[in-house]
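These notes concern the structure reproduced below.
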2 protein chains.
Amino acid sequence: MTTKGDAIKVSILKALQDAEEPIGASRIAEKLYSMGLSVRPRTVRFYLLQLDNEGLTHRVSRRRGRTLTEKGKEELAHANVLDKIGFIAAKVDTLGYRMNFNLRKGEGTIIANVGVINKRDLGRAFLAMGPVFEAKLAMSDRMFLAEGGEKIGSLVIRQNMVCIATVCSVTLNGILLSERIPVVSRFGGLLEIRNGQPARFVELIEYGGTTVDPLEAFIRAGMTRTTECALSGNGIVGASFREVPSAALDAVMRIHKMMTQRGLGGMLAIGKPNRPLMDIPVADGRAGIVVIGGLNAMAAIHEAGIDVELRSLACLADYSLFRPLPEVVAMAHNRRIFRR
Amino acid sequence: MTTKGDAIKVSILKALQDAEEPIGASRIAEKLYSMGLSVRPRTVRFYLLQLDNEGLTHRVSRRRGRTLTEKGKEELAHANVLDKIGFIAAKVDTLGYRMNFNLRKGEGTIIANVGVINKRDLGRAFLAMGPVFEAKLAMSDRMFLAEGGEKIGSLVIRQNMVCIATVCSVTLNGILLSERIPVVSRFGGLLEIRNGQPARFVELIEYGGTTVDPLEAFIRAGMTRTTECALSGNGIVGASFREVPSAALDAVMRIHKMMTQRGLGGMLAIGKPNRPLMDIPVADGRAGIVVIGGLNAMAAIHEAGIDVELRSLACLADYSLFRPLPEVVAMAHNRRIFRR
DNA sequence: TGATAAAACGGCAAACATGCCGTATTCAGT
DNA sequence: ACTGAATACGGCATGTTTGCCGTTTTATCA
């Protein structure tokens with residue numbers, strides 16, 4: 001069966017394409033894992049050797065690793081269409097890699113989710129979001145607003161609409177990555193909260209096997225109870241399950257603290273090396289973490305019966321644009337975007 | 001890494017547990033594949049040998065295959081919790097195996113999806129479903145109705161509610177299985193229809209990686225355009241992608257014809273051996289088929305703004321209960337469940 | 001500048017997965 | 001009862017994947 005090896009080769013090419021600089025087998029193996037393909041670095045080297053011979057990859061230097069050759073890029077262009085359908089996992093990885101936030105300084109770009117609503121609903125939307133932020137059910141208690149006519153990412157906002165942006169939970173992947181901690185996103189799901197504590201996942205969708213953001217689907221399907229959770233401490237909210245290398249756990253804890261100081265939260269639970277977390281087992285040498293959904297504030301808006309057009313993983317945005325809710329409310333008022 | 005082999009062993013035990021009678025390595029391999037684990041029959045035999053030695057399985061006879069021993073069942077009880085979370089793929093398999101429909105006679109049990117709505121919405125629901133059936137966007141143009149107080153499967157219907165049941169697309173798996181054709185369900189998704197022809201999948205969720213029925217999620221999320229599609233030939237409907245052995249393609253075509261005669265449709269497209277279908281590649285020795293969503297009639301109800309509680313893969317039901325829409329409407333009218 | 005550490009490579013061999021094939025068992029039909 | 005077809009098993013050989021480890025290259029820091 002030549003098929004299996006070929007699949008690995010194609011994936012290696014893909015991993016190399018995503019990287020802008022030469023990378024080695026270990027890094028490639030990591031990328032493959034986050035694409036749902038478990039292979040050891042040695043195996044990657046084994047196939048890289050063949051790819052070199054076929055002229056699809058090129059060994060830049062013994063230390064720096066490989067790059068794609070022109071021929072390799074071409075080859076990839078012909079490859080499997082399904083791979084291009086754009087499973088969410090790939091998008092998550094790419095954005096996490098492209099963002100650029102300096103945790104120590106608290107500045108730089110982060111990843112944003114956006115929701116577009118009608119201007120007239122803005123007041124009610126603010127009311128819905130408040131409790132979610134207060135209950136720390138979002139990545140951050142900051143957000144920002146864009147008005148009709150403005151442009152955010154590639155999205156142009158229509159007249160009479162406003163766009164609300166919140167911090168996406170994938171931002172966490174980017175922050176950890178900048179500390180050289182690779183994060184693998186495994187599931188998006190619905191997390192049951194009891195007495196303010198995460199209890200268990202009630203539904204799961206694997207990131208590797210979906211083209212839609214699971215949390216977005218759950219929210220649109222009306223399966224969340226975010227507001228209820230924010231007010232009473234019991235409910236169902238969006239959350240995701242990710243894995244980090246066990247060796248990096250200390251660093252993760254440390255970063256968690258720093259993030260909290262910067263107004264960024266989001267890690268609901270951190271597991272122990274090789275131990276299941278919330279009944280979900282992890283790969284060898286890894287530990288699980290449960291991350292709150294960045295869309296939860298939008299979920300509350302949706303639950304309030306307001307028509308909201310969701311777009312998760314929307315774009316990169318500068319963190320300085322994001323302000324605490326009261327400030328945003330005041331600003332909206334001054335600019336007469338809405339009246340109380 | 002002892003982990004990998006162990007995972008295979010556990011899965012083999014699970015496959016044996018699902019089967020009520022002794023089965024051999026090939027059948028086990030098939031079950032594993034539909035659980036998302038690709039292993040050859042020989043490999044299964046390789047591990048069965050070990051399991052025999054460990055006393056977890058027992059070789060009934062050279063011809064009949066293996067069963068679980070008591071010790072094996074116990075072992076399984078301790079195994080991995082995630083495996084029990086109940087990914088949809090497992091449920092699909094089990095139901096397909098348990099149903100029992102004789103295609104030649106046109107009688108026996110099939111798998112039903114149900115939707116529960118308020119009695120007062122019934123008239124509007126009928127209106128919404130009509131075009132869907134006519135445009136052949138459902139598995140069958142038959143359905144049945146249960147009133148408040150009645151019981152369907154384990155679901156008791158509340159007063160003032162009515163329950164609408166339609167034929168679930170997993171019924172197809174069961175029918176093919178009874179002809180000894182194993183079907184593997186790969187993706188549930190949203191299929192774009194152009195000029196009455198399936199054009200491409202716009203979203204996909206892998207069955208192996210989700211605990212929710214993808215189509216149910218898409219419908220609840222309001223991502224379908226079923227009615228529009230039924231009326232104009234252009235729209236977005238629920239559909240799923242499955243695989244059958246290439247060798248069985250002729251039989252599949254034949255069965256497709258027979259099903260059509262029985263008022264059962266559902267196969268929108270049948271691929272060629274080893275060739276991608278709708279841009280989705282298939283495993284070696286298999287061919288893809290696109291199957292219409294059994295929930296599409298419910299989708300139309302939802303799109304009409306009627307509050308409907310969906311439950312896919314709800315239960316087994318006798319096909320004789322299912323009647324064409326006009327007949328059901330007339331009956332509902334006679335029984336004064338609703339008035340025009 | 002020189003030492004040290006990090007990251008990558010690939011040879012070699014072991015472990016794992018699977019193809020090929022001859023043999024055993026059972027069912028169904030004559 | 002006998003025969004042919006179907007199905008399952010496991011020995012042996014081959015192909016894949018991976019661990020172990022010594023070597024090479026280069027960034028970094030004293």
Side-chain angles (χ1 to χ4, degrees), chain A residues 1-12 15-16 19 21-33 37-54 57-68 177 179-182 245 247-248 251 283-285, chain B residues 1-12 15-16 19 21-33 36-54 57-68 179-182 245 247-248 251 283-285:
Chain A
M1 185 173 55
T2 173
T3 323
K4 181 73 172 297
D6 280 358
I8 298 181
K9 286 200 211 174
V10 171
S11 303
I12 291 177
L16 279 171
E21 33 171 33
I23 55 173
S26 314
R27 307 259 224 104
I28 294 177
E30 216 113 63
K31 277 176 177 279
L32 296 193
Y33 182 73
L37 190 60
S38 295
V39 233
R40 307 294 139 200
R42 182 65 187 85
T43 312
V44 173
R45 284 200 289 278
F46 175 78
Y47 285 107
L48 277 172
L49 219 48
Q50 295 180 26
L51 289 168
D52 278 352
N53 290 335
E54 293 166 27
T57 57
H58 168 66
R59 204 183 68 180
V60 176
S61 87
R62 184 123 192 200
R63 163 71 193 266
R64 318 227 343 251
R66 309 291 217 290
T67 51
L68 276 190
L177 188 60
E179 302 282 329
R180 297 246 211 55
I181 303 173
D284 221 44
Chain B
M1 183 174 57
T2 172
T3 324
K4 180 74 171 295
D6 280 357
I8 297 181
K9 285 201 214 175
V10 170
S11 302
I12 290 177
L16 279 172
E21 33 172 33
I23 55 173
S26 312
R27 310 257 223 101
I28 294 177
E30 218 114 61
K31 277 175 178 281
L32 296 193
Y33 182 74
L37 190 60
S38 295
V39 229
R40 308 295 138 199
R42 183 63 187 86
T43 311
V44 173
R45 283 200 288 279
F46 176 76
Y47 284 106
L48 277 172
L49 221 47
Q50 296 180 27
L51 289 168
D52 279 352
N53 290 335
E54 293 167 27
T57 57
H58 168 65
R59 203 182 70 182
V60 176
S61 87
R62 183 126 193 194
R63 163 71 194 267
R64 319 226 345 249
R66 308 290 215 293
T67 51
L68 276 189
E179 302 282 328
R180 298 247 209 55
I181 303 172
D284 221 44

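Proteins get letters first, then strands, A, B, ... in listed order; numbering begins at 1 in each. None of the values given here were measured: they were computed from a predicted structure.
- With hydrogens and angles ignored, no donor-acceptor pair under 3.5 angstrom links the side chain of B:Arg62 to the base of D:dG10.
- The interatomic distance linking B:Leu49 (CG) with C:dA15 (P) rounds to 18 Å, in whole Å.
- Shortest non-hydrogen contact noted between B:Pro41 and B:Ala25 is O-CB, 3.6 Å.
- In this structure, B:Asp6 places its CG atom 16 Å from P of C:dA15, rounding to the nearest Å.
- Under the side-chain contact (heavy atoms from CB on, under 4.5 Å) rule, B:Ser11 has a single partner from B:Val44, B:Leu16, B:Leu37, which is B:Leu37.
- The separation between B:Arg64 atom CZ and C:dT26 atom C1' is 9 Å, rounded to whole Å.
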How far apart are the C-alpha atoms of B:Leu48 and B:Ile28, what are their side-chain angles, what is the distance that settles it, and do they pass the side chain to side chain contact (heavy atoms under 4.5 Å, CB included) test?
CA-CA 10 Å; B:Leu48 277 172; B:Ile28 294 177; 4.2 Å; yes
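- Atom CZ in B:Phe46 sits about 10 Å away from atom P in C:dT18, given to the nearest Å.
- Listed pair B:Ser61 / D:dA8 fails the phosphate criterion, with no side-chain N or O lying under 4.0 Å from OP1 or OP2.
- At a cut-off of 3.5 angstrom, counting only N and O atoms as typed in the model, there is no donor on one side facing an acceptor on the other between the side-chain of A:Arg40 and the base of D:dT18.
- When the side-chain nitrogen and oxygen atoms of A:Thr43 are compared with OP1 and OP2 of D:dT16, none of them lie within a distance under 4.0 Å.
- As rounded to whole Å, 7 Å separates atom P of C:dC27 from atom CZ of B:Arg63.
- Smallest separation of non-hydrogen atoms from B:Ala29 and B:Arg40: CB-C, 4.3 Å.
- Scanning all heavy atoms of the two residues, the minimum distance from A:Asp52 to A:Arg66 falls at OD2-NH2, 2.7 Å.
- Between the P atom of D:dA8 and the NE2 atom of B:His58 lies a distance of 16 Å, rounded to the nearest Å.
- For the pair B:Arg59 and D:dG10, the criterion of a side-chain N or O lying under 4.0 Å from OP1 or OP2 is met.
- Each of A:Arg27 and B:Val44 lies near DNA chain C, and the nucleotide nearest A:Arg27 is the one positioned closer to the 5' end.
- To the nearest angstrom, P of D:dA8 lies 11 Å from CG of B:Leu48.
- Note: CZ (B:Arg66) to P (D:dT7) measures 17 Å, nearest angstrom.
- Contact of B:Arg42 with D:dG11 (side chain to base): a donor-acceptor pair of N or O atoms is detected under 3.5 Å.
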